[in-house]
Asker: 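This is the structure I want to talk about, given as structure tokens.
Note that the structure is a prediction, hence the values are computed from the model and not measured. Numbers here are sequence positions counted from 1. As the structure lists them, so they are numbered: ligands from 1, and atoms in each ligand from 1.
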Amino acid sequence: MSDFPPEKPDHELEPSSSRSAKALGKAVARFDLDGHDLPPSPAPSSPRNGKRYALATELVYTEGSDQYNASSTPIYQSATFKQTSGGGGGEYDYTRSGNPTRTHLERHLAKIMGAERALVVSSGMGALDVITRLLRPGDEVVTGDDLYGGTNRLLKYLATNGDIIVHHVDTTKPESVQRVLGPKTAMVLLETPTNPLIKIVDIPAIASAAHEANPKALVAVDNTMLSPLLQNPLELGADIVYESGTKYLSGHHDLMAGVLAVNDSAIGEKLYFTINASGCGLAPFDSWLLMRGIKTLKVRMEQQQSNAQRIAEFLEAHGFKVRYPGLKSHPQYDLHNSMARGAGAVLSFETGSIQVSERIVEAAKLWAISVSFGCVNSLISMPCRMSHASIDAATRKERALPEDIIRLCVGIEDVDDLIDDLSRALVLAGAVNITPGGFHAADLGTPPKKDTLSNDVF
Ligand SMILES: Cc1ncc(COP(=O)(O)O)c(C=O)c1O
Ligand SMILES: N[C@@H](CCSC[C@H](N)C(=O)O)C(=O)O
């Protein structure tokens, strides 16, 4: 990968921390307990008594420094900031370049993601766009064969229009990744668990192979499915972690956001440059909303995950082929548990018939037919028709994405109500045979054969 940016840095590229120091009349740069040297804005951190707190505590603890000691960091709903001199140089000048509400959120995220620096942008795809702007024509990207549809679309666009070579391989097999790694590999882009096939990718093994093939290669991991509560890719060898803040971090489907986090401040500056240059930084109100959502991440995720476990067990016990890393039957159960602190709340299952799957989705009442996940409400969808419809049918077939697959994104409702509603939908759709002893998945059409899948884990 070529160096970025190519020219000598202009004032736009000056590290944001040094701009801040100037703004304070060359005041001493502030470092927090974790050694962060970021703009001295309303800076959330742990109480300064030297103790390390659990993530549950860090999620809710923030420190503000506005003149009224507001408990909730104010929304600085202002595009511009007045300067005290004609030379400018104030800590903030223009919200595209920086805003106190956004900075407060970024510092909080850096803390909970175990990162040197976090940045927030207007969507998860916006985050990936910022990351891929580090690429140069001729660079090679290695990525999975099961990816969120929007990620696949952006990579396809770059391959078609940006002269980037994209290798889609089965990332559950480090040897398949190894085969396409080389000195031209500029980026390895991983999802784990993958969306929607819930395949698990060995981040440490692939990160070390990528860095061995090209020490400059960047390993970027999409952590949307698990959130920082359950997995820290930076600790597993990733260089960049990103996620859709639209999902678990916010939790209520009332905003779009993307989060990026790094431990290398030079990479952080490059990402910040693109955010300022392109203008995709998260707006103040959405930054405030996301900050509010993050505080309840643990209670939401724990309830969602425990509901998901019950639902996965229920479906499996009734004869469905279920993909969920909380099930011992998941072929990569041990690998998942070696990297993550929980299985999350997204699972998928197959019925063997597209029509029956459609009928299940439409018969469910509590489960909203909706794309996305991470919300407090439970959602049901058919990825091939919805979230992954942008992957053309031929590619879906080539990558063995089952057309009948149903994705469940489990919320915080009463789990027995969710199971009742799902059972009703399974019966109404004709997906199960009813016997005096209960019901069992009907043998519908041709169930997906093992050898038609792109890997042998299912
Ligand atoms: C795994 C994954 N990554 C990234 C994204 C993109 O996030 P956003 O919708 O916030 O752009 C999504 C969903 O949209 C997703 O499912
Ligand atoms: N029409 C949208 C679909 C968004 S899918 C959102 C989410 N990542 C999911 O997996 O459900 C698009 O084309 O991007």
Side-chain angles (χ1 to χ4, degrees), residues 105 109 119-132 143-157 168 171 189-201 203 220-228 230-231 233 238 240-261 275 278 280-283 286-287 289-290 293-294 304 323 325 340 344-348 361 367-375 377-393 395-396 401 405-411:
L105 168 66
L109 278 163
L119 295 154
V120 288
V121 296
S122 56
S123 70
M125 289 320 301
L128 183 60
D129 181 47
V130 168
I131 293 169
T132 57
T143 192
D145 59 1
D146 182 39
L147 288 173
Y148 162 53
T151 302
N152 188 77
R153 177 172 51 202
L154 181 55
L155 292 175
K156 191 171 175 191
Y157 175 85
H168 289 276
T171 43
L189 189 63
L190 304 173
E191 267 182 32
T192 183
T194 61
N195 177 11
L197 293 182
I198 321 290
K199 297 200 271 184
I200 308 301
V201 173
I203 301 174
V221 176
D222 181 336
N223 203 37
T224 308
M225 287 283 237
L226 294 180
S227 88
L230 300 182
Q231 185 168 265
I240 305 177
V241 57
Y242 74 101
E243 70 182 74
S244 166
T246 318
K247 313 289 191 312
Y248 290 105
L249 284 173
S250 58
H252 296 77
H253 280 172
D254 47 12
L255 68 99
M256 302 290 302
V259 170
L260 302 117
I275 293 169
S278 67
C280 61
L282 193 63
D286 289 336
S287 297
L289 264 183
L290 182 53
I294 287 169
Q304 287 174 268
R323 299 167 189 259
V346 179
L347 58 115
S348 51
V361 167
W367 300 79
I369 307 176
S370 173
V371 291
S372 201
F373 50 89
C375 183
N377 301 95
S378 291
L379 313 175
I380 190 165
S381 66
M382 289 190 66
C384 294
R385 301 273 193 279
M386 301 168 73
S387 50
H388 294 66
S390 61
I391 303 177
D392 61 79
T395 308
R396 293 201 301 266
L401 184 55
I405 197 166
I406 295 179
R407 195 182 68 182
L408 296 178
C409 306
V410 185

Asker: For ligand 2, indicate whether the residue N195 contacts it via side chain, backbone, both or neither (heavy-atom separation under 4.0 Å).
Answerer: side chain
Asker: Under 4.0 Å between a Lys/Arg side-chain N and an Asp/Glu carboxylate O for D392 and K156?
Answerer: yes
Asker: Which residue pairs satisfy the salt bridge (charged side-chain N to carboxylate O under 4.0 Å, His left out) criterion with at least one member in residues 381-391, sequence neighbours excluded?
Answerer: E358-R385, R385-E403
Asker: Would you confirm whether D286, through its side chain, and A257, through its main-chain N or O, come within 3.5 Å as a donor-acceptor pair?
Answerer: no
Asker: If you round to the nearest 0.5 Å, how far is CG of L282 from OG of S123?
Answerer: 9.5 Å
Asker: Hey, does Y148 come in under 3.5 Å of ligand 2, counting only N/O atoms on both sides?
Answerer: yes
Asker: Does T132 have any side chain to side chain contact (heavy atoms under 4.5 Å, CB included) partners at least two apart in sequence or in another chain, and if so, which?
Answerer: L128, D129, L135, L154, L158
Asker: Is there side-chain contact between P193 and V346, with at least one heavy-atom pair below 4.5 Å?
Answerer: no
Asker: Which of the atoms of ligand 1 are close to T246, meaning less than 4.0 Å from one of its heavy atoms?
Answerer: 8 (P), 10 (O)
Asker: By number and element, which atoms of ligand 2 are closer than 4.0 Å to a non-hydrogen atom of S387?
Answerer: 5 (S), 9 (C), 10 (O), 11 (O)
Asker: Mind checking whether K247 contacts ligand 1 via backbone (N, CA, C, O), side chain (CB onward), both or neither, at a 4.0 Å heavy-atom cut-off?
Answerer: side chain
Asker: Would you kindly specify which portion of A257 sits under 4.0 Å from ligand 1, judged on non-hydrogen atoms: side chain, backbone, both or neither?
Answerer: backbone
Asker: Give the atom numbers and elements of ligand 1 that come within less than 4.0 Å of a heavy atom of F373.
Answerer: 16 (O)
Asker: Students should be able to answer this: which protein heavy-atom is nearest to atom 12 (C) of ligand 2, and at what distance?
Answerer: R153 NH2, 3.4 Å
Asker: Can you confirm whether something in the protein, heavy atoms only, sits under 4.0 Å from atom 14 (O) of ligand 2?
Answerer: yes
Asker: Can you tell me which residue and heavy atom of the protein come closest to atom 3 (N) of ligand 1, and the distance to 0.1 Å?
Answerer: D222 OD2, 2.6 Å
Asker: Please answer whether the main-chain N or O of G144 pairs with a side-chain N or O of T171 as donor and acceptor at a distance below 3.5 Å.
Answerer: no
Asker: Which one holds for K247 and ligand 2: side chain close, backbone close, both close, or neither close, with close meaning a heavy atom under 4.0 Å?
Answerer: side chain
Asker: Determine whether the side chain, the backbone, both or neither of M225 has a heavy atom under 4.0 Å from any heavy atom of ligand 1.
Answerer: neither
Asker: Which of the numbered atoms in ligand 1 are under 4.0 angstrom from any heavy atom belonging to M125?
Answerer: 6 (C), 7 (O), 8 (P), 11 (O)
Asker: Got N377 and H253 here, is their nearest side-chain heavy-atom distance under 4.5 Å?
Answerer: no
Asker: Do S390 and N152 touch side chain to side chain, with heavy atoms closer than 4.5 Å?
Answerer: no
Asker: Does an N or O anywhere in G126 fall below 3.5 Å from an N or O of ligand 1?
Answerer: no
Asker: Using atom types as modelled and distance alone, determine if a side-chain donor or acceptor of D146 lies under 3.5 Å from a backbone N or O of L197.
Answerer: yes
Asker: When the ring planes of F373 and Y248 are compared, do they come out parallel, tilted or perpendicular, using 30° and 60° as the limits?
Answerer: tilted
Asker: So is S390 close enough to ligand 2, meaning a heavy atom under 4.0 angstrom away?
Answerer: no
Asker: Evaluating non-hydrogen atoms only, which member of S244, S122, G149 is closest to atom 7 (O) of ligand 1?
Answerer: S244
Asker: Is there a polar contact between ligand 1 and N195, counting only N or O atoms under 3.5 Å apart?
Answerer: yes
Asker: When you measure from atom 2 (C) of ligand 2 to the protein, is at least one non-hydrogen atom found at a distance under 4.0 Å?
Answerer: no
Asker: Return the closest protein heavy atom for atom 10 (O) of ligand 2 as residue, atom name and distance.
Answerer: R407 NH1, 2.9 Å
Asker: Working to the nearest 0.5 Å, report the span between OG1 of T224 and CG of L249.
Answerer: 8.5 Å
Asker: Would Y242 count as a contact of ligand 1 if the rule is a heavy atom under 4.0 Å away?
Answerer: no
